[in-house]
Each structure stands twice: as structure tokens, then as C-alpha cells.
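Here is the structure we will look at.
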Amino acid sequence: MQPTQSLSLKIVDKVAEREGVQPEELNPPIHDAINTDALDALYDARDSEKNPSTIEFAYNGYTVTVDSTGDVDLENRVAALDPEKTAV
């Protein structure tokens with residue numbers, strides 16, 4: 001992640017890479033899934049001691065998990081909802 005890149009843009013980049021598309025091609029846009037201004041503010045580098053332990057939300061077929069350091073993990077929603085099924 002570039003030091004100036006917001007967390008929401010980092011998530012968009014990661015989902016787009018996983019999908020094999022350009023970030024601007026993702027539909028729906030991330031702001032339809034979560035308030036990106038609030039998300040970015042929660043992980044503002046100036047207040048890193050106040051970061052939440054984790055945030056999890058659904059976006060574009062994935063469960064997005066952000067840990068206290070701002071690391072992003074994507075899990076296929078089918079696998080997250082039903083561990084018996086394998087991710088495609």
C-alpha cells in the first residue's frame with residue numbers, strides 16, 4: 001500500500017486484482033457497501049492507537065476483513081457462509 005493510499009482504495013485494488021479487472025470496473029462501487037469516509041477515518045495513520053481490532057463487511061461477493069494494522073483479507077462469501085463449500 002502506498003503511504004498516501006486510503007484504506008478504501010486499498011480494498012478496491014485488492015478486490016479488482018482478485019477479479020482480474022481494473023478498479024474502476026468494479027460494480028457496485030465500494031461506497032454502496034460501506035461508508036468509505038468513515039472507514040478511512042477509523043484507520044487514519046495519525047490515530048493508529050485508536051484503530052478498531054477488526055472490521056468485517058460484505059463487498060462484491062467477498063467478506064472483507066480489516067485488522068487493527070489495516071491489513072486486508074478477502075474471503076469468498078460462499079465459503080464464508082458455508083464452510084462445507086469450496087471457494088471458486
Side-chain angles (χ1 to χ4, degrees):
M1 179 168 110
Q2 300 168 347
T4 58
Q5 186 182 35
S6 69
L7 178 58
S8 57
L9 288 178
K10 178 181 177 181
I11 293 167
V12 168
D13 286 347
K14 197 163 190 168
V15 171
E17 181 180 334
R18 179 82 59 94
E19 292 292 308
V21 299
Q22 294 298 311
E24 58 273 6
E25 294 176 42
L26 289 176
N27 192 23
I30 191 170
H31 63 264
D32 284 0
I34 193 166
N35 180 325
T36 54
D37 291 336
L39 176 66
D40 294 339
L42 280 172
Y43 286 88
D44 186 337
R46 293 171 289 177
D47 278 338
S48 61
E49 291 180 11
K50 296 182 181 180
N51 289 356
S53 57
T54 59
I55 289 183
E56 187 174 283
F57 64 97
Y59 174 55
N60 206 40
Y62 297 95
T63 298
V64 178
T65 305
V66 183
D67 71 14
S68 63
T69 66
D71 284 339
V72 177
D73 182 54
L74 300 177
E75 184 176 348
N76 184 297
R77 293 272 303 156
V78 172
L81 297 174
D82 186 355
E84 299 285 322
K85 294 185 178 182
T86 56
V88 251

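Please read these numbers as outputs of a predicted model, since none were measured by experiment.
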Dump the intermediate steps for side-chain contact (heavy atoms from CB on, under 4.5 Å) on I55 and T65, then the final yes or no.
CA-CA 6 Å; I55 289 183; T65 305; over 6 Å; no
Short question: side chain of D40, backbone of S8 - any donor-acceptor pair under 3.5 Å?
yes
In Å and rounded to the nearest 0.5 Å, what is the CD1 to CG distance from I30 to N35?
10.5 Å
Does L9 share a hydrophobic cluster with I11, counting links as ILVMFWY side-chain heavy atoms below 4.5 Å and allowing steps through other members?
no
Inter- and intrachain pairs under side chain to side chain donor-acceptor pair (under 3.5 Å), touching residues 11-32, at least two apart:
Q5-D13, E19-Y62
Does any part of the side chain of L26, heavy atoms only, come nearer than 4.5 Å to the side chain of V21, both counted from C-beta?
yes
Counterpart residues, side-chain contact (heavy atoms from CB on, under 4.5 Å), relative to T69 (two or more places apart):
D67, D71
Would I34 and V64 count as a side-chain contact (heavy atoms from CB on, under 4.5 Å) here? Give the steps.
CA-CA 11 Å; I34 193 166; V64 178; over 6 Å; no
List the atom of A33, the atom of F57, and the distance in Å for their closest heavy-atom pair.
CB-CD1, 4.4 Å
A side-chain contact here means heavy atoms from C-beta on lying under 4.5 Å apart; do L7 and V72 qualify?
yes
Test of understanding: with side-chain contact (heavy atoms from CB on, under 4.5 Å), list the residues that count as partners of A58, not counting sequence neighbours.
R77
